[in-house]
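Just below is one structure, and these are the notes that go with it.
Please read all numbers here as calculations on a predicted model, not as lab measurements. Computation of the quantities below employed the complete heavy-atom set of this structure, encompassing side-chain atoms and omitting hydrogens, waters and symmetry-equivalent molecules. Whatever order the structure lists ligands and atoms in, that order sets their numbers, starting from 1.
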Amino acid sequence: MFNTSSGSASSHVLTAYGWDDGWADTFAPYAAQDLMPGRVLRVDRGLCDLVTPLGTVRADTELVTPRDPMRIVCTGDWAAVDAEGDPAYVRTLLPRRTALVRSTSSKRSDGQVLAANADYAVIAISLAAELDLGRVERFTALAWESGAQPLLVLTKADLVPDPDTLGHLVSDTEMAAPGVRVLPVSSATGEGLEELGALLAPGTSVLLGQSGAGKSTLANALVGAAVQDVRAIRDSDGKGRHTTTTRDLLPLPSGGVLIDTPGLRGVGMWDAEGGVAQAFAEIEELAARCRFPDCAHQVEPGCAVLAAIDDGSLPERRLESYRKLLRENERLAARTDARLRAEMRRDWKQRQALGRHMMERKRGPMRKP
Ligand SMILES: Nc1nc2c(ncn2[C@@H]2O[C@H](COP(=O)(O)OP(=O)(O)OP(=O)(O)O)[C@@H](O)[C@H]2O)c(=O)[nH]1
Ligand SMILES: [Zn+2]
């Protein structure tokens, strides 16, 4: 039996993979059933690899395969594993603290979970091209929606050698993402990497951003030699040759783990109303002070949003961007089954509450000013 309740989580071999007292508590009933805790490293058709106290275990996911795509096993999930049999079986998934979801491109408006239980959503925005604040906002909304704390990294900072220019790019990005830390980094020169590593320890981070933003290069730089090792092992046992897209979960040398997702080309919103509200927190705060509760911030007298635009404290671009993302979200929501949406909203609220609780237990620098 796997005695996870004796001793603190810090002595547990899964600690390097994000195991903590909270997971130990949630897992306790399963430990009593002789099941083993494990974290999903990657998912294959009907199978997944999990890291467990016995090392990496390949397990069948048949027993936990639901009809709802939102509940399919994904990288970062914590599970109770029955490792006695051959094959091993995933018996239960522990409730997710956070879930990064995107809409699939299929006509049926299904969500797809890209990563579970990330504490930080690291958004890579490349400085190689002109800064696209709309993209910053879209990714930030998606990140907030997941329940994870967003963190914006401006990649390829070596391409902007002038400190003043870089400073302006950072402050423009900060304006587009209130409450989010913005950090310029360069995988080429190593700038910002140590600071980023320190910010991400000891939690779980998921890396997202446009194709070509420099995510893989950044992941390699953060993980260092460890990534090469993992890849080499997978190739030698033949497991590296999956044709399906899988996400990897890798421990960072500075502490914490990193989930690397494949490029998110044209990120679709997925019922991200809450995320949009958080991404535009200053507009929501202003709107609460409009004279009319149903103010559309168009022509209404006593509109605090329009007043802020007039006095220059709110860029008009922000309001347009906010409206655009809300409209997009509404269109998507209209295509989505009402029952599923209600369920997701409930899940989301629970995750938000949990996420807040987790963040409060963390140290200062990631907090909102
Ligand atoms: N100058 C410079 N180029 C970089 C840096 N990081 C990455 N690049 C280059 O940017 C290109 C894209 O980098 P990737 O790491 O493959 O980007 P990605 O986000 O993983 O792309 P996808 O895998 O398509 O999602 C490559 O040609 C890299 O060499 C950097 O810090 N500085
Ligand atoms: Zn108004």
Quiz item: Side-chain donor-acceptor pair under 3.5 Å between Thr204 and Arg39, yes or no?
Solution: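 Per modelled atom types, Thr204 and Arg39 side chains form a pair under 3.5 Å.
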
Quiz item: Thr98 versus Asp119: any side-chain heavy-atom pair under 4.5 Å?
Solution: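 No, side chains not in contact.
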
Exercise. Could you give me a count of protein N/O/S atoms that are under 2.8 Å from the Zn ion (ligand 2)?
Key: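 Considering protein N, O and S only, the Zn ion (ligand 2) has 4 within range.
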
Quiz item: So does Arg181 pair up with Glu195, basic N to acidic O under 4.0 Å?
Solution: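 Salt bridge flag = yes for Glu195 with Arg181.
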
Quiz prompt | Note: Asp77-Arg96 ion pair, threshold 4.0 Å (strictly below) | solution =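 Judged by the 4.0 Å cut-off on N to carboxylate O distance, Asp77 and Arg96 do form a salt bridge.
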
Those atoms of ligand 1 less than 4.0 Å from some heavy atom in [X]:
X      : answer
Ser216 : 15 (O), 18 (P), 20 (O), 23 (O)
Asp158 : 1 (N), 2 (C), 30 (C), 31 (O), 32 (N)
Ser186 : 31 (O)
Gln210 : 19 (O)

Less than 3.5 Å apart, which donor and acceptor atoms pair up between the side chains of residues 285-301 and the rest of the protein, not counting sequence neighbours?
| residue | atom | partner | partner atom | Å |
| --- | --- | --- | --- | --- |
| Glu300 | OE1 | His297 | N | 3.4 |
| Glu300 | OE1 | Gln298 | N | 2.8 |
| Glu300 | OE2 | Ala296 | N | 2.9 |

Do [X] and ligand 1 have an N or O pair less than 3.5 Å apart?
X      : value
Gly209 : no
Leu159 : no
Leu218 : no

Practice problem: Spell out, as yes or no, whether a donor-acceptor pair under 3.5 Å connects the side chain of Asn117 to the backbone of Gly76. | Solution: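 Yes; judged by distance alone, with no hydrogens or angles, the pair exists.
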
Exercise. Please report the shortest heavy-atom distance between Thr155 and Ala213, naming the atom on each side.
Key: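 Heavy atoms of Thr155 and Ala213 come nearest at OG1-O, 2.6 Å.
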
Exercise. Please name all residues satisfying side chain to side chain donor-acceptor pair (under 3.5 Å) with Arg318, sequence neighbours left out, ordered by chain then number.
Key: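 Arg318 satisfies side chain to side chain donor-acceptor pair (under 3.5 Å) with Glu137, Glu282 only.
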
Exercise. Could you pull out, from Thr217, Val185, Leu207, the option with a heavy atom nearest to atom 6 (N) of ligand 1?
Key: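 The residue whose heavy atom sits nearest atom 6 (N) of ligand 1 is Thr217.
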
Exercise. Give the other cluster members for Leu63, using side-chain heavy-atom distances under 4.5 Å between Ile, Leu, Val, Met, Phe, Trp and Tyr residues; answer none if it is isolated.
Key: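 Hydrophobic cluster check, Leu63: joined to Tyr89.
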
Practice problem: Using the six-membered ring of Trp78, assess whether NZ or CZ of Arg97 lies under 6.0 Å from its centre and within 45 degrees of the ring axis. | Solution: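 The answer is no; the distance or angle limit is not met.
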
